[in-house]
Structure formats: C-alpha cells, structure tokens
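Notes to accompany the following structure.
Here is how names work: the chains are called A, B, and so on, in the same order as the sequence lines, proteins then strands, and each is numbered from 1.
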Protein chains: 2
Amino acid sequence: MVAPAKKAFMRAGELARAAGVSVDTLHHYERKGVLAAPRRSANGYREYPADALGRVRLVRRALSIGFTLDELARILRARGGGRAPCREVRALAGAKLADVESRLRELLLVRDELRVVVKEWDAKLARTPEGERAGLLDALAVSVELNEARAPAPVWRRRKGRKKGEDEEY
Amino acid sequence: MVAPAKKAFMRAGELARAAGVSVDTLHHYERKGVLAAPRRSANGYREYPADALGRVRLVRRALSIGFTLDELARILRARGGGRAPCREVRALAGAKLADVESRLRELLLVRDELRVVVKEWDAKLARTPEGERAGLLDALAVSVELNEARAPAPVWRRRKGRKKGEDEEY
DNA sequence: CTTGACTCCCGAACCGGTTCGGCACTTTAT
DNA sequence: ATAAAGTGCCGAACCGGTTCGGGAGTCAAG
C-alpha cells in the first residue's frame with residue numbers, strides 16, 4: 001500500500017501556474033500570512049506541499065467574495081491556533097454580503113442614470129448638425145439639479161490598460 | 001433693472017459647503033483642471049463666480065457616473081477651446097456604461113455566491129456544537145473546486161472607516 | 001561554456017480621488 | 001489683544017492586491 005505520492009511538493013512556478021497566479025503573488029501571500037512558508041530545498045527554493053494549491057485557491061476564493069488578505073490572515077491564524085473562528089467568519093461574511101448588496105444598489109442607480117444620459121445624448125446628437133456642439137455636458141449639469149448633490153465618491157475600482165496579463169474573455 | 005446680483009462671488013469654504021465638498025477637493029479640482037482658477041481678492045483668497053457651483057456639481061455628477069478627473073479635464077479643455085467634443089463624450093459614456101454593466105454582472109455573481117456560502121454556513125453552524133470548529137473555510141475551499149479558478153482579481157474599491165464625512169444613509 | 005528558464009529577495013510603483021500634515025497669513029468674534 | 005475660524009500652498013499618505021525593477025544565485029539543455 002505504498003501511496004502513489006504523485007509529487008510530494010511543487011516549486012513556486014509550478015504552484016503559481018496551477019493556481020493561475022503569479023509567483024510574485026505567492027510570495028506576497030506568504031508575506032501577508034495567508035500562505036504558510038513552505039520548507040526550502042538545499043538551494044533555497046520553496047517546496048510547497050500538495051495542499052498548498054488548495055490553500056491558494058481558498059485564498060483566491062475568499063478574495064473574490066470580498067475578504068481582505070489581512071482579514072484572511074487573521075482568520076487563518078486563529079484557525080491554526082486551535083481556535084474556532086467560525087462565528088467570526090460568519091459575521092464577517094455577513095458584513096461582506098451587506099457591503100456587496102449596498103454596492104450593487106449604488107451601481108444599479110449609476111447604470112440607470114448612465115443609460116438615461118446616453119439615451120438623451122443620442123437623441124440630442126441626432127438633431128445636432130455635424131461638428132456642432134450639442135451641449136451634452138450641460139445636459140449632465142441639468143440632471144444633477146434633479147438628483148441633488150448626492151454621490152459623494154464613486155470610487156469603484158477602475159481598471160485601465162493591462163500590460164501583459166491577458167485577462168479578457170470575461 | 002439693476003440685477004439683484006445676490007452675491008457675485010463666493011469663497012472657497014462657501015462653495016465647498018454649497019457643493020458638499022471639502023475645500024481641499026476644490027483645490028484639487030483646480031489643479032486637475034476641471035475647475036477654472038477663479039480670480040483672487042487682494043489677500044489672495046479665491047473668489048468663485050456664481051456658476052462655479054454648477055461646474056462643481058457637474059464634476060461630481062460626471063465622477064459619479066464613472067468619468068475620471070483626467071478624462072473630464074480633457075473634455076472640458078476641448079470644450080473651452082471651441083471644439084465640440086460631444087461625439088467623444090458620447091463614446092466615452094458608452095464605454096463607461098459597458099464598464100458599469102460588466103462590473104454589475106461580476107458583482108451579481110459575487111452576491112449570489114456569497115449568499116449561498118452564508119446560507120450553507122448557517123446550516124453548518126446550526127448543527128455544530130458551541131465553540132466547535134465547523135470548518136466554514138473548508139467549505140469555501142470545496143466550492144472553489146466547482147467554480148474552477150476564475151476570479152483573478154476582485155478589486156472593487158473597498159471602503160473602510162470614514163473619518164468625518166457622514167455618508168451613510170445610502 | 002553559454003543560453004535561457006527559474007528562483008530568491010524586497011522595496012517601490014501602480015491606480016485615483018480624497019485627506020492630512022504643517023506652517024503662515026487674514027479675517028471675524030470675544 | 002487674543003483666540004478661533006477661514007484660507008493659502010503643496011507634497012505625502014491613504015487604500016490593497018498586484019506588478020515591476022534589478023541584481024544574484026541555480027539548474028538543465030545545447
């Protein structure tokens with residue numbers, strides 16, 4: 001019954017590829033305390049145990065639902081310490097959910113407003129001679145009158161041009 | 001017919017209060033080129049013309065629907081220069097809308113997943129003795145198996161604790 | 001031996017609107 | 001006269017996950 005032990009450990013690049021993450025990110029996770037520092041081979045290379053992949057995926061997953069690396073570190077540390085932080089985790093997740101729903105409401109409002117604005121603009125452009133000013137921005141200024149000065153800070157993360165990472169498709 | 005001219009100009013704090021913005025922000029807008037530098041009184045204080053309020057509101061509005069200060073500066077500069085950037089503005093708004101809708105879809109997915117997770121967790125907690133570990137995180141790790149390693153970077157702007165600004169209510 | 005691919009390390013840059021620090025001056029109130 | 005607001009200026013900090021720079025060591029293939 002000798003276990004197959006396909007591959008007892010993996011190196012940084014290997015794990016990174018498997019998890020769909022950069023090596024830099026792995027190091028970062030380790031520094032942040034969400035990924036245990038693996039043993040090192042004689043040359044100093046990291047040798048990740050097989051379950052590290054699961055951990056990285058867990059982290060990615062948690063990040064994607066709104067957890068912070070620091071929060072995660074706190075949780076995982078508590079878990080490692082024998083404590084059962086489940087109730088805390090549940091509360092945290094609840095807060096995250098509320099947060100997401102709040103953001104969602106805001107974003108819906110923005111979308112609706114943006115749609116209206118675009119529609120109005122198109123109508124306006126349709127009856128504006130070529131190269132003439134249609135005063136789109138001014139229309140924006142008008143609509144603000146109606147909505148009063150709410151909208152203190154939009155600030156949902158903006159993404160501009162990526163360098164190499166080909167993260168299109170979605 | 002002497003125009004009432006309620007108040008031909010306002011100072012920084014005044015305008016800031018009226019627009020629901022900090023004085024710092026006004027300065028910032030000026031530096032960024034989305035708010036014209038007003039004339040100065042003898043002591044060097046800014047004296048904003050009455051229409052500055054409209055401009056600030058316009059900026060806030062544009063920000064809230066996803067425009068960037070830099071984009072806005074570019075547009076307003078063009079407009080001031082006599083050009084009619086309306087077509088560009090329209091295109092930009094279209095891109096913003098697409099962006100918002102994309103973000104919206106992502107966020108909806110996150111919300112749904114988060115809801116499921118929370119629900120599962122509650123069920124799990126219900127049948128787990130007090131203070132015992134329920135393995136919530138592990139459940140998270142499992143569900144990632146199903147979803148495969150998508151979710152490269154969550155990164156919708158996170159907001160933590162505000163200092164003075166009381167922007168709750170919404 | 002020389003490429004080229006991996007690896008290590010760690011701090012700095014990035015994004016972008018806002019806030020803060022710190023110091024000097026002016027105006028208004030007490 | 002003196003304290004309390006208001007204003008000016010401007011660079012740095014903030015948030016947070018990721019990437020980048022860049023110098024050095026390691027290892028297998030040609």
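- Taking the ring axis of B/F9 as reference, the NZ or CZ atom of B/R39 stays within 45° of it and closer than 6.0 Å to the ring centre.
- Taking the charged nitrogens against the carboxylate oxygens, B/D70 and B/R74 have no contact shorter than 4.0 Å, which rules out a salt bridge.
- For the side chain to side chain contact (heavy atoms under 4.5 Å, CB included) test, residues two or more places apart in sequence or in another chain that qualify with A/R31 are A/H27, A/H28.
- OP1 or OP2 of C/dT19 sits under 4.0 Å from a side-chain N or O of B/S22.
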Q. What does nucleotides 21-29 of chain D look like as a protein-contact string, B for base, S for sugar-phosphate only, - for none, at under 4.0 angstrom between heavy atoms?
A. ----BBS--
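- For B/D51, the side chain to side chain contact (heavy atoms under 4.5 Å, CB included) test picks out B/P49, with sequence neighbours left out.
- One can place CG of A/L26 at 11 Å from P of D/dT19, the figure rounded to the nearest angstrom.
- At whole-Å resolution of the value, CZ in A/R17 and C1' in C/dA5 are 10 Å apart.
- Put simply, CD on B/E71 is 13 Å from C1' on C/dC15, counting in whole angstrom units.
- An OP1 or OP2 oxygen of D/dC9 is reached within less than 4.0 angstrom by a side-chain nitrogen or oxygen of B/R46.
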Q: Walk me through it: do B/L35 and B/V59 pass the test side-chain contact (heavy atoms from CB on, under 4.5 Å)?
A: CA-CA 8 Å; B/L35 179 60; B/V59 171; 5.9 Å; no
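- Side chain of B/K32 to backbone of B/L69: no donor-acceptor contact under 3.5 angstrom is found.
- What separates CD of A/E14 from P of C/dC8 is a distance of 12 Å, to the nearest Å.
- What separates NE2 of B/H28 from C1' of D/dC10 is a distance of 12 Å, to the nearest Å.
- If you measure from atom CZ of A/R31 to atom P of C/dC9, you get 9 Å, rounded to the nearest angstrom.
- In this structure, B/H27 atom NE2 and D/dA12 atom P are separated by 19 Å, rounded to whole Å.
- Note on A/T25: every side-chain N or O is 4.0 Å or more away from OP1 and OP2 of D/dG17.
- One can place NZ of B/K32 at 10 Å from P of C/dC15, the figure rounded to the nearest angstrom.
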Q: Show your working on side-chain contact (heavy atoms from CB on, under 4.5 Å) between A/F67 and A/V34 and close with a plain yes or no.
A: CA-CA 12 Å; A/F67 284 89; A/V34 297; over 6 Å; no
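- In the set D/dG17, C/dT18, C/dC9, the nucleotide with an atom closest to the side chain of A/L69 is D/dG17.
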